[in-house]
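Please read the structure below before turning to the comments.
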Amino acid sequence: MKARIVEAQADLFEVGVLSQTAEVESVPMDRLLADPSGPPLVVIGGLLDAERLVEMRKLSSALARARVAVIVVPPFTGLDLGRYFETPVQLGVRRRAAYSAARITDGALEEVLGGEVKVRSDHFFDTALGGGMLAVDAQSKPVLLRYQATNTAGPVFFSTLQLLTYTALTDEAHRQSLLWHLLSWTPTVTAEAREIARQPPSPPKAEAVGEGLLVPVVLLLAAGGPQTAELLRSRAGALLGVDLSANDVGRALEELTRQGLAASDASAVSDRGALVRFLEQRGMHPYLRELGALLASEETIT
């Protein structure tokens, strides 16, 4: 079993713990950006700070295109992890009292590890992401998530479970089994895909640059149907944790109109089938179902 880390984290205690489970290679950031293909990358949360935001976004994009798994573990410096991986909705980390166990909610993972793992966690995730939920704490708060931007992208495993820490609240066999399982995600990467991953990104097109704006607007239009631009803004903030300006909504609608997915007026009827296909291509149909249920509940209450 092999794993990689960013060279800047080579001297951390957690890397020593990782080396008890996997053969660890320390790789400079510039080399990872030039050739991201290889074993999974383990990111200790302290690497995610404001100064590295742009660099980490570039790296996460390159790793996703190369279909490389990323495992993000504590301790965390910043508490807004989603912006480093450009998740379509907010992905925050919240501190709480220490728990000693987590309940597995993913069927495939449960077959391997059983229904519960005894691994300490001091945080949980505050997010609308739910389609990739793998484990929750005693309060049903997510502590292990798998985010995959598209069906063909490499996944990011976000963990508040302390997978690289020795503690009395953790069963060592459980910790190592879970870590081993995450590290064993090894997709087949073709030579063509590897070559594409090495190439610098093309100059951003309008729709590529606007993914962060397009996805929340598409989710809301597909789940809620015609609605005013102001309601789109309000729901994006309340339900998705995304702060959209009036200009953001206008730009998104303009681009969706250009692609034939929506009308330039949010209050007009859009092609829901096309919107759903847009989301399915990005592996986001589970989030559409969740959002649809939330909006249905909202309408029932009102």
Side-chain angles (χ1 to χ4, degrees), residues 64 81-82 85-92 102-111 115 124-137 139-159 185 207 210-229 231-244 249 252-253 255-256 259-263 266-302:
L81 304 187
F85 297 89
E86 298 191 86
T87 57
V89 297
Q90 177 182 326
L91 176 61
R103 177 169 55 87
I104 302 297
T105 57
D106 177 77
L109 191 60
E110 184 179 7
E111 287 184 9
F124 66 88
F125 292 115
D126 180 12
T127 182
L129 288 175
M133 190 180 300
L134 302 179
V136 298
D137 64 18
Q139 301 300 317
S140 295
K141 301 291 187 181
V143 292
L144 183 62
L145 294 169
R146 180 184 63 245
Y147 167 67
Q148 206 156 344
T150 69
N151 292 334
T152 58
V156 184
F157 296 96
F158 294 103
S159 173
W185 195 90
E207 63 266 27
E211 283 281 300
L213 302 182
L214 294 182
V215 169
V217 172
V218 171
L219 275 169
L220 289 166
L221 288 175
Q227 53 204 288
T228 65
L231 184 55
L232 280 175
R233 292 182 59 200
S234 173
R235 284 175 166 173
L239 301 177
L240 303 179
V242 179
D243 185 16
L244 298 179
V249 173
L253 289 172
E255 177 57 29
L256 292 173
Q259 295 185 35
L261 299 176
S267 299
V269 177
S270 300
D271 183 346
R272 188 176 187 279
L275 295 174
V276 170
R277 287 192 294 274
F278 176 95
L279 296 169
E280 287 178 339
Q281 289 168 2
R282 289 154 178 78
M284 299 193 64
H285 200 264
Y287 309 132
L288 174 60
R289 289 197 301 269
E290 291 177 20
L291 185 57
L294 283 173
L295 291 178
S297 174
E298 179 182 277
E299 290 174 3
T300 301
I301 293 173
T302 55

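Positions are given from 1 along the sequence.
R235 has its side chain within reach of L295: a pair of non-hydrogen atoms, C-beta onward, lies under 4.5 Å apart. Contact of the L134 side chain with the I104 side chain is not registered, since no non-hydrogen atoms from C-beta on lie closer than 4.5 Å. In this structure the side chain of V156 never reaches within 4.5 angstrom of the side chain of Q148, judged on heavy atoms. Two residues are said to be in side-chain contact when any heavy atoms from C-beta on lie closer than 4.5 Å; L261 and L221 fail this criterion.
Aromatic ring centres of F157 and Y147 lie farther apart than the 6.0 Å criterion allows.
Nearest heavy atom pair, residue V143 against residue A102, reads CG2-CB, 3.9 Å. When all heavy atoms of P88 and V215 are compared, the pair lying nearest together is CB-CG1, 3.4 Å. The two residues Q90 and T127 make their nearest non-hydrogen contact at O-OG1, 2.5 Å. The two residues V217 and A252 make their nearest non-hydrogen contact at CG2-CB, 3.8 Å. Closest non-hydrogen pair, A222 versus L279, comes out as CB-CD1, 4.1 Å. The shortest non-hydrogen separation linking L91 to F125 is CD1-CD2, 3.8 Å.
Distance check: R146 CZ to F158 CZ gives 12.5 Å after rounding to the nearest 0.5 Å. T228 contributes atom OG1, which lies 6.5 Å from atom CG of L232 (distance to the nearest 0.5 angstrom). Here CG of D137 is found 12.0 Å from CG of L144. Values are rounded to the nearest 0.5 Å.
Residues passing the side-chain hydrogen bond (donor to acceptor under 3.5 Å, both in side chains) test with D106, sequence neighbours excluded: none. Applying the side-chain contact (heavy atoms from CB on, under 4.5 Å) test to S234 and every residue at least two apart in sequence or in another chain returns nothing. For V136, the side-chain contact (heavy atoms from CB on, under 4.5 Å) partners are R103, T105, M133, not counting sequence neighbours.
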